[in-house]
Amino acid sequence: MILEENKGGALHGTYRVIRGHSVSGVVRPPGDKSISHRAVIFGSIAEGRTEISGFLNSADCEGTLRAFESMGVRVDRQSPHQMVLESPGRLNLLEPNDVLDFGNSGTAVRLMTGLFAGIPGFRVVTGDESLRSRPMRRITEPLKRMGADLDGREDGSLLPLAVRGGTLNPIVYENLHRSAQVKSALLLAGLGADGPTTVIEPDPSRDHTERLLPRFGGRLEKVGSHVTVWPSHLTGTDISVPGDISSASFFVALSLLIPDSHLVLENVGLNPTRTAFIELLLRMGAKIEVVSNPEGENGEPFGNLDIRFSELKGCTVPLEIIPSLIDEIPILAALAAFAWGTTEIRGAAELRVKESDRISAMVSALRAVGIEVEEFPDGLAIMGEGPDRALRGGRIDSRHDHRIAMAMAVLGTRLPPGESLLITGTDFVDTSFPDFSALFNGVVR
Ligand code: S3P
């Protein structure tokens with residue numbers, strides 16, 4: 001076994017990884033996290049029946065589902081990935097009788113706060129230690145401009161937030177954080193405004209809200225960089241969630257890194273606002289074949305990726321694509337160490353306020369295994385030394401961040417024979433990819 005997952009005992013919540021010799025097989029990544037959250041949120045505010053298949057049953061998405069159950073949405077679960085929701089409609093959701101705890105999930109807490117601002121009732125939202133330190137002003141400030149009645153620690157900058165919903169004023173808002181969470185929170189709030197609400201994006205962020213909301217009857221229009229939503233009555237529909245390209249990225253990286261590898265990833269979401277990682281790797285010399293079904297289901301394209309071991313060239317990541325590969329930067333940084341030459345990632349200061357400070361976490365972890373890295377306030381540069389570069393084992397801290405843990409597990413497969421890497425804080429992998437270690441051990445030999 002290349003990746004030993006320790007659950008229990010003194011090593012609880014750790015991975016131990018050793019060298020892998022090749023990767024082969026076929027993997028179906030788990031359901032997309034962003035789409036699973038939205039399927040549950042929209043299905044829970046759309047009157048009537050919504051059937052969701054391909055749902056990601058991770059800690060984050062299960063938390064969103066539980067929150068709606070506590071507000072009167074009926075959930076009939078056929079399997080971990082399949083369910084039928086029955087909703088009384090957006091304006092008839094009940095007031096929950098306790099604080100809603102969204103755990104580690106920034107997407108859940110930000111989108112739900114936007115929603116709650118525009119529906120009747122009083123709600124308090126919070127999260128785990130990491131989420132309670134993440135910035136909320138980016139949503140509370142524009143929501144207050146819409147007339148929302150909400151408050152929180154440090155004048156609404158930090159969780160917990162208390163929201164008393166009501167009718168909102170429409171606004172036009174420029175999303176300078178380039179954040180899909182901010183955009184989606186405001187579009188959800190806009191459903192409860194008394195006119196059209198517009199969000200302007202300088203660079204496109206993931207557009208799942210724009211693609212999915214109209215499926216439920218939401219009136220939404222996209223013109224250039226402007227997205228406008230009108231107050232709309234939503235009705236239930238069926239949603240099929242494709243595989244998560246961000247989870248798939250760890251398997252893409254494994255196959256590119258380990259000689260003699262050939263892996264097929266099936267049913268991967270290929271929404272163009274999420275594929276910048278693949279496009280960048282192709283430019284770096286990766287042998288990846290993309291077989292896409294552009295029609296997709298629910299307007300979300302998906303397809304298969306066929307990946308073979310490749311020698312990569314380092315690159316400077318173009319600033320404008322940063323929002324479209326923001327979650328893939330930890331694994332990109334790991335891959336870059338095995339490319340030829342330097343890879344520079346700038347304009348990514350947002351990484352400092354993710355589940356952990358991902359710039360600092362990756363810089364420390366990469367240095368700990370012997371990789372030369374330069375840290376910038378808004379990014380990092382990784383000195384690549386090609387596919388046979390040296391690496392040393394030891395112990396690194398994932399800082400309870402799922403993507404740091406998985407990126408470093410992938411890197412661990414390039415250790416010299418006889419060495420191992422102990423990664424701590426890996427229990428948080430369950431927030432996005434509960435089967436990661438099983439799928440990993442199924443394809444790496
Ligand atoms: C997400 C948006 C991104 C991403 C997160 C999921 C979403 O965050 O990092 O994992 O589902 O809208 P930001 O919008 O804050 O960049």
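All ligand and atom numbering here is 1-based and tracks the order in the structure.
E141 has a carboxylate O that lies under 4.0 Å from a charged side-chain N of R145, or vice versa, which qualifies the two as a salt bridge. In this structure, E328 does not pair ionically with R206, as no charged nitrogen and carboxylate oxygen lie closer than 4.0 Å. Ionic pairing of R274 and D244 is present here: one or more N-O contacts between side-chain nitrogen and carboxylate oxygen are shorter than 4.0 angstrom. One finds no salt bridge joining K354 and D401 here, because no Lys/Arg side-chain nitrogen approaches an Asp/Glu carboxylate oxygen to under 4.0 Å.
Residue-level proximity to ligand 1 for K183 is absent, since no heavy atom of it falls below 4.0 angstrom. Counting heavy atoms closer than 4.0 Å to ligand 1, residue H37 contributes nothing at all.
The closest approach between any non-hydrogen atom of R38 and ligand 1 is below 4.0 Å. Taking a 4.0 Å cut-off on heavy atoms, K354 registers as neighbouring ligand 1.
The shortest N/O to N/O separation between Q181 and ligand 1 falls below 3.5 Å. Backbone and side-chain nitrogen or oxygen atoms of R403 are examined, and none is located within less than 3.5 angstrom of a nitrogen or oxygen of ligand 1. Checking only distances, A180 does come within under 3.5 Å of ligand 1, N or O to N or O. Inclusion of R138 in the set of residues having an N or O under 3.5 Å from an N or O of ligand 1 is not warranted. In terms of polar-atom proximity, D327 is counted as a contact of ligand 1, with an N or O under 3.5 Å from an N or O of the ligand.
Side chains of S205 and K183: a donor on one and an acceptor on the other come within 3.5 Å. Side-chain contact check for T273 and N271: at least one donor-acceptor pair (N or O, by modelled atom type) lies under 3.5 Å.
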